[in-house]
2 protein chains.
Amino acid sequence: MALAHAILVCLTEGKQSGYDVNKAFQGSIGFFWHSDHQRIYRELSKILKLGWVECELVEQPSKPNKKLYSLTQAGIDQLKEWAKKPSPTAPLKDDLLVRLFSLHMLDLAILAEQVRARREEHVAKLILYRKIQVRYYSDVDPTDARTVGKYLSLKFGMRDAERWIAWCDEALFTLDNLG
Amino acid sequence: MALAHAILVCLTEGKQSGYDVNKAFQGSIGFFWHSDHQRIYRELSKILKLGWVECELVEQPSKPNKKLYSLTQAGIDQLKEWAKKPSPTAPLKDDLLVRLFSLHMLDLAILAEQVRARREEHVAKLILYRKIQVRYYSDVDPTDARTVGKYLSLKFGMRDAERWIAWCDEALFTLDNLG
DNA sequence: GGTGCCATGTAACGAGTTACATGATTGG
DNA sequence: CCAATCATGTAACTCGTTACATGGCACC
């Protein structure tokens with residue numbers, strides 16, 4: 001039940017609608033845990049029943065009504081309990097790496113193209129992360145847990161992109177020497 | 001239908017039983033695409049029906065009988081078609097990174113312990129990868145596609161472990177300064 | 001008049017996990 | 001005698017994805 005906990009983490013930022021949570025899952029926390037609005041709405045009603053969140057209906061003139069969710073004490077306890085459990089390492093799962101295992105049967109030019117595309121993706125990500133770094137984390141107070149935690153995760157994202165870019169360069173060089 | 005294709009990739013190595021495929025999914029290819037024997041057996045019967053593989057029953061005295069699967073031409077075509085399609089980047093998904101977003105509400109000591117555990121895991125992986133490197137890839141012929149492809153994926157694994165270790169060190173330093 | 005944002009969900013399907021189930025042989 | 005290896009699968013369940021569904025407001 002990991003998505004539920006990711007939502008709880010989201011709600012530590014304050015009251016939010018399903019729509020808001022979904023937006024957070026597209027940026028920020030979504031860089032490390034993704035979902036879609038369908039599942040988020042489903043999960044919100046589930047954890048509402050469990051009592052981990054409470055819900056307040058907000059009527060908005062000239063906009064659709066929304067439901068603002070906020071953490072309950074049970075939700076906070078649940079979050080803390082979850083955080084105590086060891087976090088399992090997510091196994092790598094990547095098409096591109098698998099394809100390399102049957103490289104001898106595949107079209108090298110197409111594969112090289114895919115590696116280039118992957119490289120570009122991560123270059124774009126790195127640029128985005130660096131923008132976020134400059135925008136929000138150029139002057140971090142090292143004693144502010146709230147900021148420091150998020151900054152650490154951003155740095156992870158940056159390292160992730162960098163290692164992809166470096167590996168793609170290596171792979172392209174190798175593929176070039178093959179054909 | 002990604003698992004099916006990962007199995008096809010496996011079978012480019014030659015005839016294998018479900019048991020063999022499962023073992024490959026625990027080492028080598030399994031470092032980049034994991035599964036379990038249940039799903040592998042299910043998927044094998046599925047792609048047998050589709051005609052991507054064919055099956056030969058081998059009776060073994062003093063061992064359980066086994067079914068040896070091998071690629072058919074349709075399977076090879078399928079593999080090649082699949083490899084032409086762009087490979088989607090697997091989104092990051094990690095508990096530990098998510099927890100950092102609610103760092104201000106969590107127990108720092110426990111989290112630091114989890115980071116240390118994560119570090120050890122990746123140190124162990126890196127050692128394993130290096131052993132494999134020395135054992136199988138100390139003298140790679142850069143024109144041998146079969147070897148070069150697998151070696152590239154191994155190098156990806158090594159970079160992955162290295163970036164984790166480096167990040168964990170950074171995180172531990174940061175967490176230390178907090179508490 | 002079209003695109004995009006706000007805001008909510010359901011239904012069907014496919015993928016993946018956990019638990020259950022069997023049974024012989026080999027090595028310590 | 002116990003554990004590991006070889007070898008196969010089924011059943012129930014949860015998680016995740018895709019497609020479907022609605023509808024007003026604001027901006028260009």
Side-chain angles (χ1 to χ4, degrees), chain A residues 1-8 10 15-27 29-30 32-50 53 55-69 82 85 88-95 98, chain B residues 1-8 10 15-27 29-30 32-50 53 55-69 82 85 88-95 98:
Chain A
M1 208 179 266
L3 177 59
H5 292 99
I7 292 175
L8 293 180
C10 246
K15 288 181 189 181
Q16 287 177 69
S17 67
Y19 191 85
D20 296 330
V21 172
N22 181 239
K23 274 209 301 189
F25 269 82
Q26 273 160 25
I29 201 173
F32 313 105
W33 199 273
H34 77 108
S35 190
D36 47 48
H37 77 273
Q38 293 92 328
R39 244 185 96 54
I40 288 166
Y41 285 121
R42 259 201 283 173
E43 206 69 21
L44 275 170
S45 27
K46 201 160 129 193
I47 62 178
L48 180 63
K49 270 184 203 155
L50 288 171
V53 293
C55 174
E56 173 194 347
L57 186 72
V58 178
E59 294 191 36
Q60 303 186 114
S62 85
K63 271 190 193 176
N65 296 341
K66 63 179 175 181
K67 294 178 185 171
L68 275 184
Y69 293 89
W82 165 73
K85 286 191 291 187
T89 302
L92 279 172
K93 226 174 180 194
D94 204 297
D95 255 16
V98 173
Chain B
M1 208 180 267
L3 176 59
H5 292 98
I7 292 175
L8 293 180
C10 246
K15 289 181 188 181
Q16 288 176 70
S17 65
Y19 191 84
D20 296 329
V21 171
N22 181 240
K23 273 208 302 188
F25 269 82
Q26 273 159 22
I29 200 173
F32 313 105
W33 198 275
H34 76 108
S35 190
D36 47 49
H37 77 274
Q38 293 92 329
R39 245 187 95 54
I40 288 166
Y41 285 120
R42 260 202 282 173
E43 206 69 20
L44 275 170
S45 28
K46 202 160 129 193
I47 62 178
L48 180 65
K49 270 185 203 154
L50 288 170
V53 291
C55 174
E56 173 194 345
L57 186 72
V58 178
E59 295 190 36
Q60 302 185 116
S62 87
K63 271 191 194 176
N65 296 342
K66 62 180 176 180
K67 295 178 185 172
L68 275 184
Y69 293 89
W82 165 73
K85 286 191 289 186
T89 302
L92 280 174
K93 226 174 181 194
D94 204 297
D95 256 16
V98 173

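We name chains A, B, ... by the order of the sequence lines, and we start the count at 1 in each one. These numbers come from a predicted model, not from an experiment.
The side chain of K46(B) contributes an N or O atom lying less than 4.0 Å from OP1 or OP2 of dA15(C). Of the side-chain N and O atoms in K67(A), one or more sit less than 4.0 angstrom from OP1 or OP2 of dG9(C). Side-chain nitrogen and oxygen atoms of Q60(A) include at least one within less than 4.0 Å of the OP1 or OP2 phosphate oxygen of dA7(C).
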>> Please determine whether side-chain contact (heavy atoms from CB on, under 4.5 Å) holds for the pair L8(A) and V53(A), giving the CA-CA distance in whole Å, both sets of side-chain angles, and the decisive distance to 0.1 Å.
In response: CA-CA 8 Å; L8(A) 293 180; V53(A) 293; 4.1 Å; yes
>> Test side-chain contact (heavy atoms from CB on, under 4.5 Å) on N65(A) and V58(A); report intermediate values, then the result.
In response: CA-CA 6 Å; N65(A) 296 341; V58(A) 178; over 6 Å; no
> Can K67(B) and C55(B) be said to form a side-chain contact (heavy atoms from CB on, under 4.5 Å), step by step?
Replying inline: CA-CA 6 Å; K67(B) 295 178 185 172; C55(B) 174; 3.6 Å; yes
> Should K49(B) and K46(B) be marked as a side-chain contact (heavy atoms from CB on, under 4.5 Å) after you check the CA-CA gap, both sets of side-chain angles, and the distance that decides it?
Replying inline: CA-CA 5 Å; K49(B) 270 185 203 154; K46(B) 202 160 129 193; 6.0 Å; no
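Residues E56(A) and K15(A) are paired through a salt bridge, judged by an N-O separation under 4.0 Å between the basic side chain and the carboxylate.
At the heavy-atom level, S17(B) lies under 4.0 Å from the strands shown only through sugar-phosphate atoms. Residue-level contact check: N65(A) touches the backbone only, with heavy atoms under 4.0 Å from sugar-phosphate atoms and none from bases. Residue Q38(B) is classed as a base contact, given a heavy-atom separation below 4.0 Å to a base.
Between the P atom of dT10(D) and the CG atom of L44(B) lies a distance of 12 Å, rounded to the nearest Å. Between the CG atom of L48(B) and the P atom of dT8(D) there is a distance of 13 Å, rounded to whole Å. Residue L3(B) contributes atom CG, which lies 10 Å from atom C1' of dG16(C) at whole-angstrom precision. Atoms CG (N22(A)) and P (dA7(C)) sit 12 Å apart, rounded to a whole Å. We find that CZ of F25(B) is positioned 18 Å from P of dA7(D), with the value rounded to whole Å. Between the NE2 atom of H34(B) and the C1' atom of dA15(C) there is a distance of 11 Å, given to the nearest Å. Whole-Å rounding puts the D36(B) CG to dG9(D) P distance at 14 Å. Residue I40(B) contributes atom CD1, which lies 13 Å from atom C1' of dA7(D) at whole-angstrom precision.
Paired runs in DNA chain C that reach 3 or more consecutive Watson-Crick or G-U pairs, where each pair keeps both distances under 3.5 Å, cover C:1-28 with D:1-28.
Mapping L68(B) and K93(B) onto DNA chain D via the closest heavy atom, the residue that lands nearer the 5' end is L68(B). Comparing R42(A) and Y69(B) against DNA chain D, the residue whose closest nucleotide sits nearer the 5' end is Y69(B). Toward the 5' end of DNA chain C, the nearer of the two residues W33(B) and K66(A), judged by each one's closest nucleotide, is K66(A).
Here the side chain of Q16(B) pairs no donor or acceptor atom with the backbone of L68(B) at under 3.5 angstrom.
Applying the salt bridge (Lys or Arg N to Asp or Glu O under 4.0 Å) rule to pairs touching residues 18-27 of chain B yields nothing, sequence neighbours excluded.
For the pair F32(A)/D95(B), no side-chain contact is recorded, criterion being any heavy-atom separation below 4.5 Å from C-beta on. With a 4.5 Å cut-off on side-chain heavy atoms, I40(A) and F25(A) count as touching.
Not a single donor-acceptor pair, N or O on each side, falls under 3.5 Å between the base of dT10(D) and the side chain of R39(B).
Other residues, nucleotides and ligands contribute more than 12 heavy atoms inside 6.0 Å of the NZ atom of K93(A).
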Distances under 3.5 Å between protein N/O atoms and the N/O atoms of nucleotides 21-23 of chain C, please, pair by pair.
none

